[in-house]
Enquirer: 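Take a look at the following structure, please.
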Protein chains: 2
Amino acid sequence: MNFSTSEENYIKAIYHLQQANNLVTTNELATELNTKAASVTDMLKKLKTKKMLHYEPYQGFTLSNEGKKVALGIVRKHRLWEYFLVNKLEFGWDEVHSIAEELEHIHSPVLIEKLDAYLSYPKFDPHGDPIPDINGKMETTKQINLTDLELNAKAEVSAVGSQSSELLELLRHKNIGIGTVLEVIRKFTFDNSIEIVIKKNPPFSISHQLAQTLFVKPLYVSATDGSITK
Amino acid sequence: MNFSTSEENYIKAIYHLQQANNLVTTNELATELNTKAASVTDMLKKLKTKKMLHYEPYQGFTLSNEGKKVALGIVRKHRLWEYFLVNKLEFGWDEVHSIAEELEHIHSPVLIEKLDAYLSYPKFDPHGDPIPDINGKMETTKQINLTDLELNAKAEVSAVGSQSSELLELLRHKNIGIGTVLEVIRKFTFDNSIEIVIKKNPPFSISHQLAQTLFVKPLYVSATDGSITK
DNA sequence: AATAGTTTTTAGATTTGCCTAAAAATAAAT
DNA sequence: ATTTATTTTTAGGCAAATCTAAAAACTATT
């Protein structure tokens, strides 16, 4: 089956929304895509005839299994291109989202397989999001929100919750990126800000708002030799 | 100014046609783009309002200077992506044309500049065609048609006249590619086929039709030390 | 359970890019 | 220089994807 750029964008957006919500509504999707509810209804009818979703008027909708496969294919392309842009072309990870949004609609399947091989089959994109393999399978490392990390625990930053350039600019300024190992040394209840330390650098504090957008994988210190593992 | 994929394809096609012909006609362009004359007329009117071409009804048309700049930008993108696909992703040079046809419409200018740098500023694509630089300038090595190469002259294959996969399959079979050094050892007037030799391999003959699609840069043997130069 | 408020869908237009069929302009041929 | 043939343009329509405005269906509230 063949899809237009527009159809692919709808399918991808539905996929992301139903990760959070399960049932997706017309207005949600319209907001996500910066379009109008009426346009969404039109496209839903089309995607239903293509068997991409389960949809009854007024009842909300979710992707069918077939729809999920298509969505994962697009996500795969998006994240592989992001990886390429950052790790080969030396873009900053806060600059690549919109370019990947165009590249993800290039159709050739063999192109993506060769790109994947060229990049040595990466498992995570530059934002820490897992890259689906050719069958749609991907890592589901349990990552937790930084606000839920316990005091004095070490953890490795594994994902950021959004791709807004404002956020990524702030992270760059604070020298926080995917893979950064940090430790929470204080939590302030007044404003829920937390103080963290990275390596041997001076500690500094980050806002609750920022901490909420950061996801980490806790690291456990070995009881026997003190070495750090995941 | 912003252009749709369709507008870009028209501009590119006009560019290629006017390399050969100077004045381009409606029917030529319709044939080139596998579309109908009426559609071409529609688009010509649009491109004229965008100042991309000089066009008076019934009189034929050519690109304006602005139009040429746009065309060279698209050609640049196309050829850089082809280079990338062949030299980094290990595609065969006969497989990349249609993929590059999609990639050439990705808009980000900084992407192309970073890609160019990543590829170390190549001057020719895998088919031997010169890659325009960011200002639209490109190599204009005088290459001649293989049918015009004189007997017993050595030459290096520098371009192929078409990208049809039938042609490229044949070239691959005969082990002829960009950079191949060959020598014409006989010409047959009966069917205009020519016999060539590559390195120390046994000579073989190629048809007039094939020779016509091959362009070469003659190599000159030094009178003093016998070394080969361009 | 009736009303008020919100969400979703339908109805009808618009734009882009394409088409067919017919008319107009140009080119060729007697 | 007419007639014939070819090329190009115009006229009118179609499909995709969007929109606004209005109707219909759901939800919440008294």
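In what follows, chains are A, B, ... by sequence order, proteins preceding strands, each numbered from 1. Heavy-atom basis, side chains included; hydrogens, waters and symmetry copies ignored.
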Enquirer: Whole-Å distance between C:dC18 P and B:Asn34 CG?
Expert: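 Nearest whole value for this atom pair: 12 Å.
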
Enquirer: In terms of heavy-atom contacts, does CD of B:Glu113 have more than 12 from other residues, nucleotides or ligands at under 6.0 Å?
Expert: yes

Enquirer: To the side chain of B:Ala38, which of C:dC19, D:dC19, D:dC26 is closest?
Expert: C:dC19

Enquirer: Check whether any side-chain N or O of B:Ser39 sits under 4.0 Å from OP1 or OP2 of C:dC19, and answer yes or no.
Expert: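 Answer yes for this pair, as a side-chain N or O of B:Ser39 is under 4.0 Å from OP1 or OP2.
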
Enquirer: Does A:Thr26 make a side-chain N or O approach to OP1 or OP2 of C:dT9 shorter than 4.0 Å?
Expert: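 For C:dT9, OP1 or OP2 has a side-chain N or O of A:Thr26 closer than 4.0 Å.
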
Enquirer: Among the nucleotides D:dT8, C:dT8, D:dA17, which one has an atom lying closest to any side-chain atom of A:Thr41?
Expert: C:dT8

Enquirer: With distance as the sole criterion, is a donor-acceptor pair present between the side chains of B:Ser193 and B:Asp191 under 3.5 Å?
Expert: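 Distance-only check passes for B:Ser193 and B:Asp191.
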
Enquirer: Please determine, for the side chain of B:Tyr58, which listed nucleotide (C:dA24, C:dT9, D:dC19) has the closest atom?
Expert: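 When the side chain of B:Tyr58 is considered, C:dA24 is the closest of C:dA24, C:dT9, D:dC19.
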
Enquirer: Only one of A:Thr62, A:Ile14, A:Ile11 clears side-chain contact (heavy atoms from CB on, under 4.5 Å) with A:Leu53; which?
Expert: A:Ile14

Enquirer: Between A:Glu7 and A:Lys46, does any side-chain N to carboxylate O distance fall below 4.0 Å?
Expert: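 Looking at A:Glu7 and A:Lys46, the cut-off is met.
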
Enquirer: Rounded to whole Å, please give me the gap between CG in A:Leu33 and P in D:dC19.
Expert: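 Going from A:Leu33 (CG) to D:dC19 (P), I get 10 Å.
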
Enquirer: How close or far is atom P of D:dA16 from atom CG of A:Asn9, stated in whole angstroms?
Expert: 18 Å

Enquirer: Are B:Ser4 and C:dG17 close enough that a side-chain N or O sits under 4.0 Å from OP1 or OP2?
Expert: yes

Enquirer: Rounded to whole Å, please give me the gap between CG in B:Leu23 and C1' in D:dT8.
Expert: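 Rounded to the whole Å, the gap is 14 Å.
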
Enquirer: Can you tell me the distance, in whole Å, between the CD atom of B:Glu28 and the C1' atom of D:dT7?
Expert: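 About 12 Å, once rounded to whole Å.
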
Enquirer: On DNA chain D, compare the nucleotides closest to A:Pro57 and A:Asp42; which residue's is nearer the 5' end?
Expert: A:Asp42

Enquirer: Taking only side-chain N and O atoms of B:Thr25, does any of them lie within less than 4.0 angstrom of OP1 or OP2 on D:dT7?
Expert: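 No.
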
Enquirer: Roughly, in whole Å, what's the span from CD in A:Glu56 to P in D:dC26?
Expert: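 Whole-Å distance recorded here is 11 Å.
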
Enquirer: Decide, yes or no, whether a salt bridge links A:Arg76 with A:Glu104 under the criterion of side-chain N to carboxylate O below 4.0 Å.
Expert: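 Not counted as a salt bridge, because no side-chain N and carboxylate O are separated by less than 4.0 Å.
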
Enquirer: Picking from C:dC19, D:dT20, D:dA17, which would you name as closest to the side chain of B:Thr35?
Expert: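 For the B:Thr35 side chain, the nearest candidate turns out to be C:dC19.
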
Enquirer: Ring centroid separation for B:Tyr10 and B:Phe3, is it under 6.0 angstrom?
Expert: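 B:Tyr10 vs B:Phe3: aromatic centres not under 6.0 Å.
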
Enquirer: What's the CE-P distance between B:Met43 and C:dC19, to the nearest Å?
Expert: 11 Å

Enquirer: For D:dT9, does either OP1 or OP2 sit under 4.0 Å from a side-chain N or O belonging to B:Lys45?
Expert: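 Negative; the distance criterion is not met.
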
Enquirer: Is there a side-chain contact between B:Asn27 and the phosphate of D:dT8, meaning an N or O under 4.0 Å from OP1 or OP2?
Expert: yes

Enquirer: Looking at C:dG17, D:dT9, C:dT20, which one has an atom nearest to any side-chain atom of B:Lys36?
Expert: C:dT20

Enquirer: Counting heavy atoms from C-beta on, name the nucleotide in D:dC26, C:dC18, C:dT8 closest to the side chain of B:Tyr10.
Expert: C:dC18

Enquirer: Whether B:Tyr55 contacts D:dT9 is assessed here as follows: a side-chain N or O lying under 4.0 Å from the phosphate OP1 or OP2. Is that the case?
Expert: yes

Enquirer: Could you state the NZ-P distance from B:Lys46 to C:dG17, rounded to the nearest angstrom?
Expert: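 Atom-to-atom, B:Lys46 to C:dG17, this comes out as 3 Å.
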
